[in-house]
Amino acid sequence: MGPINLTKVLAIFFSGALLLSVLAIYFLVLFPSQLALDVGQSLQSLPTIFVSSIAIPAILMTGLVVEGASEITVRRLLFGRANGSWPTESFVARFLRQENIYLSHTLWKEQFCHLLTQNSQYVDFMKDLKSRESYKRASQHWASVMSFDDVSQIAACLIFQKDHTHMKDWIISHYSTYYASANFLVVTLISWLLSVGLLWVSLVYFIIAQFVHFALAYFLASSAFDRFFYSHLCAYRYCSLLLLTETKREVGPQILTRF
């Protein structure tokens, strides 16, 4: 297993282990000590092999639950509309101190779209592709109405069409970090919600927990934002230079037949 695939697997495994650990800590804090002691003694009485055979699948399953929750919350709500039309996108970039990477991403995306619209083969290719999906778009407005998914998918096809393994690994490694940050952000948000129960334990603990969770959520969101836009920035920058050097090649039909 390559290091990139291993990173993705470890992100799922560690996010599941972290969430189970967080749930266990809140269980020990919020519930009577005798109940927690009885549960601990019950687990100790079980064979080690039996506990391990349950713990590892439970961690993986919890990690997959976190992965699914991250997909429909953080990754979809915060990054699913990252096409420049999200009114608060630039505000979020400034709030997370990632304005430079966001502006660089926007610049290279616009440059990539401009180069695509200068190539009639790409325009015809996309018009034909979109007609099959019942999308009607005029070629003269193609770049302005092109969605984020359209641009990113074309860039991905160009990158995977070439045998530049180092570039693919570079981009995918950053995108894997984005997935890991988003997953840990979901775990932090779940723990943040559960921290409300600390009000019944100690007001001081509750206030400390709010500051800690806010800091963790902020840094993880900043990391996810940075890795998401940086990975796409690298793709657009690489593909822009690729289009400049290979404008005479019929890449559109090659992509269509290969993918």
Side-chain angles (χ1 to χ4, degrees), residues 7-8 11-12 14-15 18-19 22 26 63 65-113 143-153 155-156 170-199 203-238 240:
T7 301
K8 296 170 66 175
I12 295 176
F14 285 141
S15 60
L18 180 60
L19 181 57
V22 168
Y26 278 113
V65 171
V66 172
E67 176 79 11
S70 177
E71 177 63 33
I72 64 177
T73 55
V74 174
R75 297 205 290 263
R76 181 171 300 179
L77 296 178
L78 294 183
F79 305 100
R81 298 179 60 186
N83 57 0
S85 62
W86 186 21
T88 58
E89 192 171 283
S90 59
F91 169 77
V92 174
R94 290 193 298 268
F95 176 73
L96 297 177
R97 309 290 294 176
Q98 299 293 344
E99 188 176 12
N100 290 337
I101 196 71
Y102 172 71
L103 294 176
S104 299
H105 161 269
T106 303
L107 173 66
W108 281 104
K109 178 193 171 186
E110 292 176 353
Q111 179 65 19
F112 180 57
C113 292
S144 60
V145 299
M146 186 187 301
S147 69
F148 180 83
D149 287 338
D150 294 337
V151 183
S152 60
Q153 288 173 10
W170 178 262
I171 295 174
I172 295 175
S173 63
H174 287 288
Y175 204 75
S176 299
T177 306
Y178 152 66
Y179 265 64
S181 299
N183 286 0
F184 286 125
L185 178 57
V186 169
V187 175
T188 302
L189 294 177
I190 294 175
S191 177
W192 202 345
L193 291 175
L194 294 176
S195 67
V196 177
L198 294 177
L199 277 172
L203 181 60
V204 176
Y205 289 166
F206 173 78
I207 295 176
I208 294 175
Q210 303 313 300
F211 281 107
V212 171
H213 284 94
F214 174 80
L216 290 175
Y218 179 86
F219 292 129
L220 287 171
S222 180
S223 174
F225 193 95
D226 175 75
R227 294 302 90 188
F228 176 85
F229 283 101
Y230 181 75
S231 59
H232 286 90
L233 181 156
C234 291
Y236 297 145
R237 183 171 56 194
Y238 170 76
S240 295

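All of these numbers come straight from a predicted model, not from anything done at the bench. Count residues from 1 along the sequence.
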Item to check | Heavy-atom donor-acceptor pair, S223 side chain to L220 backbone, under 3.5 Å | outcome: no

Item to check | Least distance between heavy atoms, Q98 atom then D226 atom | outcome: OE1-OD1, 3.1 Å

Checklist entry - Ring centres of F211 and F214 under 6.0 Å apart? => result no

Checklist entry - Quick one: OG on S240 to NZ on K109, what's the gap to the nearest 0.5 Å? => result 12.5 Å

Checklist entry - How far apart are the closest heavy atoms of S15 and A11, and which atoms are they? => result OG-O, 2.8 Å

Next on the checklist: How close do W192 and A217 get, counting heavy atoms only, and between which atoms?
Outcome noted: CZ3-CB, 4.0 Å

Checklist outcome for this item: Heavy-atom closest pair (A69 atom, V186 atom, distance to 0.1 Å) is CB-CG1, 4.0 Å

Next on the checklist: Between S181 and T177, is the side chain to side chain contact (heavy atoms under 4.5 Å, CB included) condition met? List the steps.
Outcome noted: CA-CA 6 Å; S181 299; T177 306; 4.3 Å; yes

Item to check | Nearest non-hydrogen partners of S195 and A209, listed with the distance | outcome: CB-CB, 4.2 Å

Item to check | H174 NE2 to I172 CD1 distance, which is reported to the nearest 0.5 Å | outcome: 11.5 Å

Next on the checklist: The test is side-chain hydrogen bond (donor to acceptor under 3.5 Å, both in side chains); show your working for Y26 and S191 and say whether it passes.
Outcome noted: CA-CA 9 Å; Y26 278 113; S191 177; 3.3 Å; yes

Item to check | Test log, rule side chain to side chain contact (heavy atoms under 4.5 Å, CB included), inputs F95 and V92 | outcome: CA-CA 5 Å; F95 176 73; V92 174; 5.5 Å; no

Checklist entry - Between Y102 and F225, how do the two ring planes meet: parallel, tilted or perpendicular, split at 30° and 60°? => result tilted

Next on the checklist: As an exercise, state the distance from CG of L96 to CD1 of I101, rounded to the nearest 0.5 Å.
Outcome noted: 13.0 Å

Next on the checklist: I need the H232 NE2 to R227 CZ distance, nearest 0.5 Å.
Outcome noted: 13.0 Å

Checklist entry - How about F219: does its CZ atom have over 12 heavy atoms from other parts shown lying under 6.0 Å from it? => result no

Item to check | ring pair (Phe, Tyr, Trp, His ring centres under 6.0 Å) evaluation trace for Y178 with Y175 | outcome: CA-CA 5 Å; Y178 152 66; Y175 204 75; 5.1 Å; yes

Checklist entry - Do any N or O atoms from the side chain of S222 and from the backbone of Y218 form a donor-acceptor pair under 3.5 angstrom? => result no

Next on the checklist: Quick check: closest heavy atoms across I171 and S231, and the distance to 0.1 Å?
Outcome noted: CG2-O, 3.7 Å

Checklist outcome for this item: Here the gap from T106 atom OG1 to Y236 atom OH, rounded to the nearest 0.5 Å, amounts to 9.5 Å

Item to check | Backbone N/O of V66 and side chain of S70: donor-acceptor pair under 3.5 Å | outcome: no

Next on the checklist: Return the CD to CG distance between E71 and N183, rounded to the nearest 0.5 Å.
Outcome noted: 9.5 Å

